[in-house]
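Just the heavy atoms: all of them, side chains too, but no hydrogens, waters or symmetry mates, feed the values below. Position 1 is the first residue of the sequence; numbering continues from there.
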Amino acid sequence: MNQPQKDPKREKAYDCWLAYRRLEDSVANRYQAICSEIVVMGQSAIMDMAVEELKRGLGGILGIEPRILYGSADVRALALGMDIECLAIPVKEVEALSHDGFIIMGQNGGILIAGKSERGVLYGTFSFLRSMQTGMSPDTLNRIENPAAGIRMINHWDNMDGSIERGYAGNSIFFRDNQFISDKDSVRDYARLLASVGINGVSINNVNVHDQETRLITRELLPEVALLADIFRSYGIRLYLSINYSSPIDLGGLSTADPLDGTVQDWWCQKASEVYSFIPDLGGFLVKADSEFRPGPFTYGRTHAEGANMLAKALEPFGGIVIWRCFVYNCQQDWRDRATDRANAAYDHFMPLDGEFKDNVVLQIKNGPMDFQVREPVSPLFGGLKKTNQILELQITQEYTGQQRHVCFLIPQWKEVLDFETWCDGPGSTVKNLVCGKVYPQKHCGFAAVSNIGDNANWTGHILAQANLYGYGRLVWNPDLSSETIADEWVRLTFSNDPEVIETISKILLKSWETYEHYTSPLGIGWMVNPNHHYGPSVDGYEYSAWGTYHRADWLGIGVDRTVATGTGFAGRYHKPNAEMFEDMNKCPEELLLFFHRVEYKHRLKSGKTLIQHIYDTHFEGVEEAEKFRTRWLSLKGKIDKERFDAVLERLEIQIRDAREWRDVVNSYFYRKSGIPDEKGRRIY
């Protein structure tokens, strides 16, 4: 007899960090005394969501069904509202509150959650429930929180056929068979997940806009787009669309998409008016142009500024912005050409245009100059651009970091990027301060990241990959949060407040990025992956291709000379003292040594090891560390529900198998290149 299918929405893996487990201790008793009534001041769609979330959270955590009252704040209860003047909040606290910020404070023996906007109240609600679930006492809740930046966005690379480019967790939750999915329950649940960590923008389609997705801005499909916008709006999230730059040709029947052509400009103005008639609060357009065969202004001899500004003018009357990706490089490079360096491309394209973009254009800059590698330096556009709105682009989906078959907690990597000191305006000119508008004035700034979710019942394929989505939201809300704090929060919310569970899973997460780096590509060289799908080892996979990603290994050494003195000059793109540090092999951080320098295998690192021995050792160590992840996870058997325990264990087994493959392929490659044996006599093929 066939067993009935479980509703995936009832599985703990589906609930992610919002499962709301029951607390039964003295702290829970104190909350029960306060939260039996919820006093609501103000009504709107988003406020309704905040009330529903409180009811859901209090029911799960405390086992109570609170009474909902609308009106005065004089009741000693849990109160929430956005009428700041009527809530008896001290003037100093009110002045410290930003539009999306919130305040949680004790008042009249109860607890008040307030904001200047309905979004602030919603964010405060989620923060309150997060604090309760992690066991914080009501006495410790008093605080004011403001988001660090205005744009906190997720980019989806979903296609209307249902596939997801670089998607590792199933198919799209928006599209299937070139149509919109009729059941929107998953979209609502996803919007709730994003709002819980303060995300306020989402683009729903791939930046590589194909024929079907080009039609998303047509009258035929805009009603369906508007339905998604309605869902996200109810959680304080604005919807964006990726557009095809050649739409005037593909949709409008024009002979050109030249941004300086008057008929093209008029077409986009009319199209913007039509789009905003369906979605009045559309965030704007996301554009990938003149990169990897995408159309753009280069076709007509125009600059990126001219191309972006044309679209920006069309969106300006409606308050929309143009987010213009800086991932632009020559992907048809002759591998024999050692002077052209892909790392220089974005800097060379956009630095000369600094100050030429309209104030509703935002440049979206990848964290590194290459392509989301496990290790690469910070893009020198951060600190280079001084007169242009900019946001930092990260990749939550693990394209080059294990594709959600391997655990790789990316928050430590992102922290290194955010904390990088650019020295563009003296000390304090960190990347996080730049993209939060604290160094140079910017009308629009913040963060974007490529989504890692799909229609898998657990959202992310690997359950531990949920920590990257959660961590991204928490980090862009507050870039000063530590990796340890974020890991601790996520484990408590997702699994348990049990100290052993917290310590064990946190250790796995916090070690995982370094472990992945150990058994893959060494010291910043990157790549070494199978072409196209980018999974698994292939040391020479891109070495003789047109994509411009080389390691240049021979029998003497490995690495790319990017110095000013003898190489491609990339090291000189940074401000002093970074330029001097990267230029000098003896000062260059060793984790980036092969990115900036050509190094002989017999060169001795600061550890005293030769480069070749370092490669051997780290690849053996990486496998050992992956095996320890499995051992640690097995110690939690019985402390985690069987469904999630088994699912994670299965992924860890895959990781160990693949780590061994990486180890053997990479070590054998360099042994055969160099002829230098492993000092420890381990088996290398």
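- Between Phe298 and His304, the ring center distance clears the sub-6.0 Å criterion.
- With hydrogens and angles disregarded, a donor-acceptor distance shorter than 3.5 Å links the side chain of Glu376 to the backbone of Met370.
- Remark: His156 pairs with Asp158, Tyr190 by the side chain to side chain donor-acceptor pair (under 3.5 Å) rule, at least two apart or across chains.
- Scanning both residues, Glu421 and Gly426, for their nearest heavy atoms gives OE2-O, 3.6 Å.
- Side-chain N or O atoms of Gln364 include none that pairs as donor or acceptor with a backbone N or O of Cys326 at under 3.5 Å.
- Not a single donor-acceptor pair under 3.5 Å links the side chain of Ser246 to the backbone N or O of Pro295.
- Under the 4.5 Å side-chain criterion, counting only non-hydrogen atoms from C-beta, Trp268 is in contact with Ile243.
- No donor-acceptor contact under 3.5 angstrom links the side chains of Asn452 and Thr460, judged on distance only.
- Gln655 and Tyr519 are linked by a side-chain donor-acceptor pair at a separation below 3.5 angstrom, with hydrogens and angles left out of the test.
- Asn433 places no side-chain N or O within donor-acceptor distance of the main-chain N or O of Val439, the cut-off being under 3.5 Å.
- In this structure, Thr422 contributes its side chain and Thr430 its backbone to no donor-acceptor pair below 3.5 Å.
- Once rounded to the nearest 0.5 Å, the distance linking CZ of Arg166 with NE2 of His533 reads 9.5 Å.
- The side chain to side chain donor-acceptor pair (under 3.5 Å) check on Thr299 picks up nothing, with sequence neighbours excluded.
- Qualifying side chain to side chain donor-acceptor pair (under 3.5 Å) partners for His518, counting only residues two or more places apart in sequence or in other chains: Glu625.
- Not a single donor-acceptor pair under 3.5 Å links the side chain of Glu393 to the backbone N or O of Asn367.
- Note: His534 and Phe372 fail the aromatic proximity criterion, with ring centroids not under 6.0 Å apart.
- A donor and an acceptor atom, one from each side chain of Asn208 and Glu165, are located under 3.5 Å apart.
- Side-chain contact of Asp540 with Tyr669: a donor-acceptor pair under 3.5 Å is present, judged by distance alone.
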(request) May I have the step-by-step check of salt bridge (charged side-chain N to carboxylate O under 4.0 Å, His left out) for Arg302 and Asp261, ending in yes or no? (result) CA-CA 11 Å; Arg302 312 304 185 190; Asp261 185 286; over 6 Å; no
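- Between Phe596 and Glu583 there is no side-chain heavy-atom pair separated by less than 4.5 Å.
- With a 4.5 Å cut-off on side-chain heavy atoms, Met581 and Pro589 count as touching.
- Between Met153 and Ile323 the shortest side-chain heavy-atom distance falls below 4.5 Å.
- Using a 30° and 60° split on the angle between ring planes, Trp547 and Tyr329 fall in the tilted class, from 30° to 60°.
- For Glu213 and His210, the side-chain atoms include at least one donor-acceptor pair closer than 3.5 Å.
- Judged purely by distance below 3.5 Å, without hydrogens or angles, the side chains of Tyr550 and Gln333 pair a donor atom with an acceptor atom.
- Both cation-pi conditions hold for Lys366 and Phe327: the charged atom is under 6.0 angstrom from the six-membered ring centre and inside a 45 degree cone around its axis.
- Side chains of Ile321 and Tyr240 form a contact here, defined as non-hydrogen atoms less than 4.5 Å apart.
- With no hydrogens or angles considered, no side-chain donor-acceptor pair links Asp678 and Tyr671 at under 3.5 Å.
- Between Phe582 and Phe420, the ring planes lie parallel to each other; the angle is under 30°, not in the 30° to 60° tilted range.
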